[in-house]
Amino acid sequence: MRVRPTGWPPSSAAPYDRRTVLTSGGSDRETVVPDSEAFVRDTEPFRRELLAHCYRMLGSVDDATDVVQEAYLRAWRSYGAFEGRSSVRTWLYQIATNACLTALAHHSRRVLPSGLGGPEPDPAAAPVPAEPGVGWLQPAPDVLFSADAADPASVVVAREDLRLALVASLQYLSGAQRAVLMLREVLSFPAAEVAVMLGTTTAAVKSTLQRARARLRQITPAADAMTQPTEPEAQEFLDQYIAAFQNSDAAALERLLCRDATLEATPFKTWFAGQRTCVPYLRTWVLGSPGDWLMLPTSANGQPAAVAYTRDRNGTYQAYGIVVLTVTGAGISHIFSFNEPSLVATFGFPPTAVPG
């Protein structure tokens with residue numbers, strides 16, 4: 001029989017309910033049944049940061065949500081045997097990280113169009129859909145990681161640790177490298193603790209971290225040295241982008257985009273680099289007529305974003321997906337467009353919309 005360690009639980013409510021049950025052999029034995037109220041009290045405060053961790057590991061809100069649910073189920077099943085040798089937070093991260101590694105073993109990495117080949121030099125070229133089976137990176141609404149669901153600014157994790165470019169880069173690392181990098185660099189767990197979490201040695205953790213850092217330097221060799229805008233400036237860029245799109249104003253978009261701006265849109269493998277190709281492509285293939293698009297402001301991955309709708313033949317605006325902007329002091333440097341209507345619901349918006 002397990003003995004509850006001194007100092008556990010952290011509050012007065014007992015986490016265990018000890019009951020006598022009849023075994024299949026007919027003898028009585030005492031079993032430990034977790035107390036649901038204590039479990040929720042001790043574990044629920046970490047759910048949002050665990051969701052952010054799993055999202056960074058997996059690159060998908062849908063997958064991360066499923067894995068966190070599975071992690072909490074595993075934690076509930078083993079809660080009665082938890083001896084308090086580590087903090088509840090560390091224990092949950094161990095369960096969630098290993099659940100992510102199991103999920104990664106059965107899925108290919110998630111990508112953006114720029115991960116499938118070089119940019120298209122001809123802005124008149126028709127966009128080419130990617131091959132079936134490509135796993136696309138998904139944007140994540142900031143509200144998922146907010147301590148207060150009504151206030152997306154109250155994020156429980158640093159916004160720079162959720163930016164799309166970083167999450168995309170992580171997908172090029174092995175599962176073990178992602179886990180070690182996130183646990184050590186982002187979450188600041190000691191190497192020895194990470195080794196216990198992953199069932200390996202401290203030396204192996206340090207070696208894996210070095211390889212992960214080197215790989216990331218190869219993928220993103222130069223840090224973004226451009227001046228970052230203030231929150232009001234970023235919001236102003238978003239508002240102007242939305243207005244330009246809704247008015248089908250290619251000239252306004254050209255003024256907003258940096259000269260080296262990048263445009264990529266799932267589910268196409270075609271993408272463009274440079275204002276000179278991005279703007280003509282948008283004018284020819286995307287903008288349409290004024291009123292064809294409706295966009296509502298939101299935020300994703302700590303970046304300005306818009307929920308996009310397109311007008312159908314009946315004049316109803318149907319969900320298109322999410323657009324995420326990377327904004328610098330000089331303008332919009334990257335447009336990520338995700339043509340995935342189900343994401344609109346993930347961001348808390350309806351499948352159809354009416355102009356306000």
Side-chain angles (χ1 to χ4, degrees), residues 1-18 30-58 63-105 144-145 147 155-158 161-162 170 173-210 212-213:
M1 182 187 304
R2 294 188 181 275
V3 179
R4 185 168 53 213
T6 303
W8 179 258
S11 62
S12 58
Y16 305 129
D17 177 13
R18 299 185 180 277
E30 191 176 41
T31 188
V32 178
V33 179
D35 176 65
S36 58
E37 184 176 329
F39 176 79
V40 171
R41 181 198 64 223
D42 292 335
T43 64
E44 196 60 27
F46 305 108
R47 183 180 290 271
R48 291 185 184 274
E49 62 176 279
L50 286 169
L51 182 60
H53 174 62
C54 292
Y55 169 70
R56 286 187 294 255
M57 288 282 294
L58 302 173
D63 290 351
T65 302
D66 290 344
V67 166
V68 168
Q69 189 67 21
E70 173 63 24
Y72 268 78
L73 181 58
R74 293 184 189 181
W76 163 252
R77 288 171 175 168
S78 58
Y79 186 60
F82 176 61
E83 296 181 328
R85 294 177 182 175
S86 66
S87 67
V88 173
R89 180 174 181 264
T90 299
W91 177 63
L92 288 173
Y93 268 100
Q94 178 177 5
I95 296 172
T97 301
N98 282 284
C100 285
L101 293 174
T102 299
L104 287 171
L144 282 184
F145 313 121
V155 291
V156 296
V157 291
D161 295 332
L162 290 168
L170 292 174
L173 304 181
S174 69
Q177 288 173 342
R178 291 183 216 180
V180 169
L181 187 73
M182 290 298 96
L183 293 172
R184 290 286 291 120
E185 299 277 275
V186 174
L187 297 164
S188 301
F189 284 107
E193 208 163 67
V194 173
V196 173
M197 289 169 137
L198 301 179
T200 186
T201 65
T202 301
V205 167
K206 293 179 178 179
S207 176
T208 301
L209 180 59
Q210 290 178 346
R213 287 170 174 167

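Atom set for the values below is all heavy atoms of this structure, side chains included, hydrogens, waters and symmetry mates excluded. Worth saying up front: this structure is predicted, and the values here are computed from it rather than measured.
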Please find the pair of heavy atoms, one from [X] and one from [Y], that lie closest to each other, and give the distance.
X      : Y      : value
Pro45  : Val40  : CD-O, 4.0 Å
Leu162 : Phe145 : CD1-CD1, 3.5 Å
Phe82  : Val88  : CE2-CG2, 3.9 Å
Lys206 : Ala191 : CE-CB, 4.3 Å

Return yes if some donor-acceptor pair links the side-chain N/O of Glu193 with the main-chain N/O of Pro190 below 3.5 Å, else return no.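 Side chain of Glu193 to backbone of Pro190: no pair is present.
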
Donor-acceptor under 3.5 Å (Thr201 side chain, Ala204 main chain): yes

Taking atom [atom1] of [X] and atom [atom2] of [Y], what is their separation to the nearest 0.5 Å?
X     : Y      : atom1 : atom2 : answer
Arg74 : Arg77  : CZ    : CZ    : 9.0 Å
Ile95 : Cys100 : CD1   : SG    : 12.0 Å
Trp76 : Thr43  : CH2   : OG1   : 9.5 Å
Arg47 : Leu144 : CZ    : CG    : 12.0 Å
Tyr72 : Glu44  : OH    : CD    : 5.0 Å
Arg56 : Leu181 : CZ    : CG    : 10.0 Å

Leu104/Arg178 under side chain to side chain contact (heavy atoms under 4.5 Å, CB included): CA gap, chis, key distance, verdict: CA-CA 11 Å; Leu104 287 171; Arg178 291 183 216 180; 3.3 Å; yes

Return the orientation label for the Phe39 and Tyr79 ring planes: parallel under 30°, perpendicular over 60°, tilted otherwise. perpendicular

What I'd like to find out is whether the side chain of [X] reaches to under 4.5 Å of the side chain of [Y], using heavy atoms alone.
X      : Y      : value
Asp66  : Glu70  : no
Thr97  : Met197 : no
Leu198 : Leu101 : yes
Leu173 : Met182 : no
Phe46  : His53  : no
Val67  : Met57  : no

Determine, step by step, whether Arg89 and Leu187 satisfy the side chain to side chain contact (heavy atoms under 4.5 Å, CB included) criterion, reporting the C-alpha distance in whole Å, the side-chain angles of both residues, the deciding distance to 0.1 Å, and the verdict. CA-CA 11 Å; Arg89 180 174 181 264; Leu187 297 164; 3.9 Å; yes

